[in-house]
Amino acid sequence: MHTQKMLVLISLFLISFSKIYSQTDSSSYKNEFQFMLVNGYSFSYVNFISDESAIRYMININVSASGEDGDNKTTYTPNNNPPQEQSSNSESNYQSLGFYPSYVVYPIRESIFNMYVGGGPYLLLQRNFSSYENENTSTGYKTNYENLNYELSLGVSGIVGVECSISQRISLLAEYGIWAHYGWNKDKWTNSSSDGINSNSSVNETTGNSWRVGLAGVKLGITFRF
């Protein structure tokens, strides 16, 4: 719902702004700003080097977070012992920042409808954190687990997209992509436990690298031409 409201507000702003200018054919514009707002956030600048081709520079940002704060409680009864209660907390968050320069070709570029295909290299940095804490509230015994992961990736991506004009300067945008990259990652695991008197902890770190291939999914956004 928040993303839909944002898309509507940006559309209304750009429509109002576009009325300041007037041209008859959208293909006569040489520059575009693209805002992706559904299935990921990104900002792109598109510079047309001919009527059918362009260079696009895209910055892609993804952020997500989730967690439970002590609401997950369970009660169990060990053999021949009083009932005991446990509570747990969990947290996870993810951030990524990528730079995607692309060469784009427009098989169809008309006043109402555009279609484009393209591709190029990209650089992507990702951070992923998760934690889980469990406490036996009857005995005071606690355990905690944390994992922190960083990954730097270098790859190539391919895109296909369509634009449908809603004014001379503004289009709605849908895009689908595929990617492949080689990544270098570092993981850090931390485990600790405490009974209120004694405690112990351990830390393990690993590094690695891998190839990955995937689909970017359908992204929706808005385009402003100038």
Side-chain angles (χ1 to χ4, degrees), residues 3-4 6-7 10 30-66 91-109 113-131 146-164 171-189 204-225:
T3 299
Q4 293 175 345
M6 185 184 299
L7 183 59
I10 292 178
K30 300 301 181 184
N31 301 278
E32 287 185 355
F33 286 141
Q34 295 178 346
F35 303 90
M36 294 295 188
L37 301 171
V38 178
N39 196 19
Y41 298 98
S42 68
F43 168 77
S44 302
Y45 168 66
V46 182
N47 176 242
F48 285 89
I49 56 178
S50 71
D51 290 341
E52 295 82 24
S53 61
I55 303 296
R56 185 175 82 167
Y57 307 92
M58 183 178 76
I59 295 176
N60 189 78
I61 299 173
N62 280 305
V63 178
S64 65
S66 64
E91 176 188 355
S92 64
N93 57 71
Y94 170 82
Q95 305 87 32
S96 70
L97 176 64
F99 177 61
Y100 296 72
S102 301
Y103 178 74
V104 183
V105 176
Y106 286 74
I108 302 175
R109 192 180 181 214
F113 179 80
N114 293 337
M115 178 180 178
Y116 60 88
V117 295
Y122 69 86
L123 183 66
L124 176 65
L125 176 62
Q126 302 175 84
R127 177 188 180 275
N128 193 13
F129 173 80
S130 63
S131 68
E146 292 184 356
N147 173 241
L148 179 62
N149 171 266
Y150 288 97
E151 182 170 335
L152 178 66
S153 303
L154 181 63
V156 293
S157 65
I159 54 173
V160 56
V162 293
E163 299 177 4
C164 184
S171 296
L172 298 180
L173 172 67
E175 182 177 294
Y176 189 78
I178 186 173
W179 54 265
H181 69 227
Y182 187 78
W184 298 265
N185 62 78
K186 180 178 181 179
D187 275 287
K188 180 180 179 180
W189 290 274
N204 295 303
E205 295 186 4
T206 62
T207 58
N209 48 70
S210 62
W211 280 100
R212 295 184 183 178
V213 179
L215 300 175
V218 177
K219 296 184 176 182
L220 304 177
I222 193 167
T223 296
F224 175 68
R225 295 180 286 271

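The structure presented is a predicted model; accordingly, all values stated were derived computationally and were not measured.
Within the 4.5 Å cutoff, no side-chain heavy atoms of Thr207 are placed close to those of Trp184. Residues Glu163 and Tyr106 have side chains in contact (heavy-atom distance under 4.5 Å, counting atoms from C-beta outward). Proximity of Tyr100 to Arg56: side-chain heavy atoms (C-beta onward) are nowhere separated by under 4.5 Å. Residues Leu148 and Arg127 are in side-chain contact: their nearest non-hydrogen atoms beyond the backbone lie under 4.5 Å apart. With a 4.5 Å cut-off on side-chain heavy atoms, Lys30 and Val46 do not count as touching. At a threshold of 4.5 Å between non-hydrogen side-chain atoms, the residues Asp187 and Asn147 count as touching. Residues Asn185 and Thr206 form no side-chain contact, since every pair of their non-hydrogen atoms from C-beta on lies 4.5 Å or further apart. Side chains of Met36 and Ser44 form no contact here, defined as non-hydrogen atoms less than 4.5 Å apart.
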Apply the test side chain to side chain contact (heavy atoms under 4.5 Å, CB included) to residues Tyr150 and Lys188: give CA-CA distance (whole Å), side-chain angles for both, the deciding distance (0.1 Å), then the verdict.
CA-CA 9 Å; Tyr150 288 97; Lys188 180 180 179 180; over 6 Å; no

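Between Val104 and Tyr116, the shortest heavy-atom distance links the atoms CG1-CB, 3.5 Å. When all heavy atoms are compared, the tightest approach of Tyr94 to Gln126 is OH-OE1, 2.6 Å. The minimum heavy-atom distance between Leu154 and Tyr122, with the atom names listed, is CD1-O, 3.4 Å. For the pair Asn128 and Asn93, the tightest heavy-atom approach, listed with the atom from each and the gap, is OD1-O, 3.2 Å. Minimum heavy-atom separation, Ile178 to Gly214: CG1-O, 3.3 Å. Considering all non-hydrogen atoms of both residues, Pro107 and Val117 come closest at CD-N, 4.4 Å.
A donor-acceptor contact closer than 3.5 angstrom is absent between the side chains of Glu151 and Asn149.
For the atom pair CD (Gln34) and CZ (Phe224), the distance works out to 13.0 Å, reported to the nearest 0.5 Å. Distance check, rounded to the nearest 0.5 Å: CG of Asn114 to CD1 of Ile108 gives 8.5 Å. Atoms CG and CD1, on Leu97 and Ile59 in that order, are 7.0 Å from each other to the nearest 0.5 Å. Note that CD1 of Ile55 is 4.5 Å distant from CD1 of Ile49, once rounded to the nearest 0.5 Å. Here the OG-CD distance, from Ser64 to Gln95, works out to 7.5 Å after rounding to the nearest 0.5 Å.
A salt bridge between Arg109 and Glu32 is absent, with no side-chain N of the basic residue lying under 4.0 Å from a carboxylate O of the acidic one.
Under a cut-off of 6.0 angstrom, the local environment of OH in Tyr57 is sparse, with at most 12 non-hydrogen atoms contributed by other residues, nucleotides or ligands.
In this structure a side-chain-to-backbone donor-acceptor pair under 3.5 Å is missing from Asn204 to Trp189.
Each of Asn60, Ile159, Leu173 was checked for a side chain to side chain contact (heavy atoms under 4.5 Å, CB included) with Lys219, and the lone residue meeting it is Asn60.
Taking the six-membered ring for Trp and the full ring otherwise, Phe35 and Phe43 have centroids separated by under 6.0 Å.
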